[in-house]
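Within every chain, numbering begins at 1; the chains are lettered A, B, ... in the order of the sequence lines, protein sequences first and strands thereafter.
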4 protein chains.
Amino acid sequence: MRKLDPVKHENKRQEILTAAMRCFLRSGLKGASTAQICSEAKISPGHLYHYFESKEAIIGALSEAYLQTAAERFRAAVGGDRSVINAILSEMDIQAKGSQPAKLALLFEVFAESARNPEIAKILRTYDLSRRGVMAEVLRHGQRRGEIDPKLDPEAGATAVIGLVDAAKAMTLRASRSDVKKVQDTFKSILTGLLRSPTQKATKSTPPFRSRP
Amino acid sequence: MRKLDPVKHENKRQEILTAAMRCFLRSGLKGASTAQICSEAKISPGHLYHYFESKEAIIGALSEAYLQTAAERFRAAVGGDRSVINAILSEMDIQAKGSQPAKLALLFEVFAESARNPEIAKILRTYDLSRRGVMAEVLRHGQRRGEIDPKLDPEAGATAVIGLVDAAKAMTLRASRSDVKKVQDTFKSILTGLLRSPTQKATKSTPPFRSRP
Amino acid sequence: MRKLDPVKHENKRQEILTAAMRCFLRSGLKGASTAQICSEAKISPGHLYHYFESKEAIIGALSEAYLQTAAERFRAAVGGDRSVINAILSEMDIQAKGSQPAKLALLFEVFAESARNPEIAKILRTYDLSRRGVMAEVLRHGQRRGEIDPKLDPEAGATAVIGLVDAAKAMTLRASRSDVKKVQDTFKSILTGLLRSPTQKATKSTPPFRSRP
Amino acid sequence: MRKLDPVKHENKRQEILTAAMRCFLRSGLKGASTAQICSEAKISPGHLYHYFESKEAIIGALSEAYLQTAAERFRAAVGGDRSVINAILSEMDIQAKGSQPAKLALLFEVFAESARNPEIAKILRTYDLSRRGVMAEVLRHGQRRGEIDPKLDPEAGATAVIGLVDAAKAMTLRASRSDVKKVQDTFKSILTGLLRSPTQKATKSTPPFRSRP
DNA sequence: GATGAATGAGACTTCATTCAT
DNA sequence: CATGAATGAAGTCTCATTCAT
């Protein structure tokens, strides 16, 4: 007789979150209204507040879910038996290619929000730390397997790699469609150059964007 | 008969813009209200519309002014007789250090806005093209002076450099204060490695974030 | 689960409409503010928009309701067993006598609005067509009963009759109170003369506004 | 040295009035702003108040001018040597054909305004009285010349004629373009029948909108 | 659980008018 | 005479949230 079906409750919560995501993608963080979200989720405006304390709470939950998913995906990607560098490069590909402008815009808005909303700031910080931790771990793993330059400091390297991945992603918003590919190749080359162990560096592939001799 | 004011008008316009900037920094793009802006600029609510057609127009003007200033500063920085690479590195420094979180957050919001507001999108695109053009020109100049690897394709190189500068800047928002310096050094090293001409590469400085031997 | 309210909702809607009508009569179409309407209807300023999309929508609904009522009343009036001509004449009476200046002024404003607002224009056009259709039908009915001149073209006759009714109504706004009765008699005579079948025309009543012999 | 050039002042006043008329026709009475009018008249917003006390005063002046012009035109039209009935019919033609929807809408708005603005009400009343006076005079003139039924009461007849003329004019706003001609013929026939002297009535033209035998 | 009516502050913007220059 | 900066009230509408049912 107590709370009816915690499973159903959680399911509805998820439905609302995905509905909210659609709204946010369409209209932006402030642009999407709770009314919009409710109608997208097919619930009444009052009922929203059974599941979330406020609009902010929805944004928080959504951010957290998104970032967790991203982290898990990355962990899975580098978990396989594949070369570590290739895993990182393919991660960059996925990030850059899967980035519809609307999604990126939303991400930017969340970043901006984090500068004014401590709740969001905390979520982002947590995610960033975990992301860097995972990346450092991955780099260490690669060093043990001889794929990554053993002289590289894993912590600082992780920061650099993540920065590059993010830069590649951000580029897609502003660069013309025709430039995107070139830009991505550029960053992949930089990454490879940064990470590759010296023995591999001997057999250098043609470096990026050199003029043809 | 006298048209007294083209200069006074422009001054007031600028005052309003800086007042608006303060508001936007404090409360965000959508968070700042026209009422706030007017009271900050010490004008009546209606009077704002003598100077700007809409709140959007203010954002547009502000974006344009900011981007123009940035472009001019950069052009000045590389215009001197200094080594081109140093100029670029110092540009990165300025971008990263001058970036208060509030300012960065605002920039993010503007990027996000550009995904939904064609007016803003156009301004950003124009700026981005000019920025890349200037950077490519700078790289060519460096190649003529033997400072930059002559095999580097200036256009693609410019894109890469700008991406790195932006990444360094963006990093400052999320990395803990203590990490920021390390991150910047990382990116500076990458940049240097990317651009330096082979003769200079012979006398290699300590590579970035290598574990100490 | 319960959908309690389709009827309550409609009631509130009607309350708001009558409140709005009072405001419009008092202050005119543009003169009445949504705030005024809300306070007259004893609802909060925002709540209005649960029931109507916009102020325009209120005007539209009000116009439509008014015109529908008028049409139904007229249909009822001529539906009885009374002489058709008498029914039309009494319709003219009702129109002219029931016309408070404020109501007429409002009607004029709606007409004016229709020249600039396609939504209103459509409503008026629909009403006008239906009105003319009904009147033509009535005339045909009268012709079958031998009350109306069989040579009269029902469509064109309807147009003329409606024009006369409207003219009688409009007159009340400008003519001095003492003139109104005279004007109405005038138009009634014209109408009678226009419609009466030849057999009835033989027994002519005193013609309108002839100087006494 | 006193007031500079009263003639120039009057000229500018007229220019402003015609500019205001353009604005009112375009946007309506409340829809047109003083700013719009000033820019159309090419004067500064403040300067408007050298010529008119308020926006209302402009509307008043415009109404008065318009009505005066109309009255004069009509007096001129019936002043010639032409048959009185023809003069009235042609007046009806002119009124109906020259009525662009925008002009009619404006007229309606002025009527509506008169119900709430005593200033305007007074102007309209004055005009209406003069109009009726002129028309009655015309009818008497026609009676002296044997063109108009001598039994017709000139005052009441004038009211009826004006009502018909106005009705014909108003019709043009709502009737479909194809109907307008028919409607006008209808009213002209009614008018003719109403006014024509018995001797002329003997030679009856085919009455209006009779079905063909 | 679920509805949707209700709130009221506040958003952006317009406008007739005044006033210093 | 003429300008246009300035006012401030008011306009329509939106929105996150609450509450009775």
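The distance from atom CD1 of B:Ile58 to atom P of E:dA11 is 14 Å, rounded to the nearest whole Å. The separation between C:Ile16 atom CD1 and F:dT12 atom P is 15 Å, rounded to whole Å. Atom CZ of C:Phe52 and atom P of F:dC13 are 13 Å apart (whole Å).
For A:Lys55, whose side chain is taken as the heavy atoms from C-beta onward, the closest listed nucleotide among F:dT12, E:dT13, F:dA16 is F:dA16.
Ring orientation note: the planes of C:Phe111 and D:Phe108 are tilted relative to one another, at an angle of 30° to 60°.
Other residues, nucleotides and ligands place no more than 12 heavy atoms under 6.0 Å from the CD atom of C:Glu119. Atom CD of C:Gln14 has more than 12 heavy atoms from other residues, nucleotides or ligands within 6.0 Å. Annotation: A:Lys103, atom NZ; neighbour count of heavy atoms from other residues, nucleotides and ligands within 6.0 Å does not exceed 12.
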Could you walk me through whether B:Glu40 and B:Gln36 pass the side-chain contact (heavy atoms from CB on, under 4.5 Å) test, one step at a time?
CA-CA 6 Å; B:Glu40 180 85 28; B:Gln36 241 173 83; over 6 Å; no

Decide yes or no on side-chain contact (heavy atoms from CB on, under 4.5 Å) for D:Lys55 and D:Leu48, but give the supporting numbers first.
CA-CA 9 Å; D:Lys55 191 185 171 183; D:Leu48 182 65; over 6 Å; no

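Of the nucleotides present, F:dT14 is the one that pairs with E:dA9 by Watson-Crick or G-U wobble criteria, both distances under 3.5 Å. Under the Watson-Crick or G-U wobble criterion, with both distances below 3.5 Å, F:dT21 is paired with E:dA2.
Under the 4.0 Å criterion applied to side-chain N and carboxylate O atoms, B:Lys30 and B:Glu109 are not assigned as salt-bridge partners.
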Under 3.5 Å, which N/O atoms of the protein pair with N/O atoms of nucleotides 5-7 of chain F?
| from | atom 1 | to | atom 2 | distance (Å) |
| --- | --- | --- | --- | --- |
| F:dA6 | OP2 | B:His47 | NE2 | 2.6 |
| F:dA6 | OP2 | B:Tyr51 | OH | 2.6 |
| F:dA6 | O5' | B:His47 | NE2 | 3.0 |
| F:dA6 | N7 | B:His50 | NE2 | 3.0 |
| F:dT7 | OP2 | B:Ser44 | N | 3.0 |
| F:dT7 | OP2 | B:Ser44 | OG | 3.4 |

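Between the side chain of A:Ser27 and the main chain of A:Phe24, no donor-acceptor pair closer than 3.5 Å is present.
A heavy atom lying under 4.0 Å from DNA chain F marks none of the residues of residues 18-38 of chain B.
Between C:Tyr49 and F:dC13 there is a side-chain polar atom (N or O) within less than 4.0 angstrom of OP1 or OP2.
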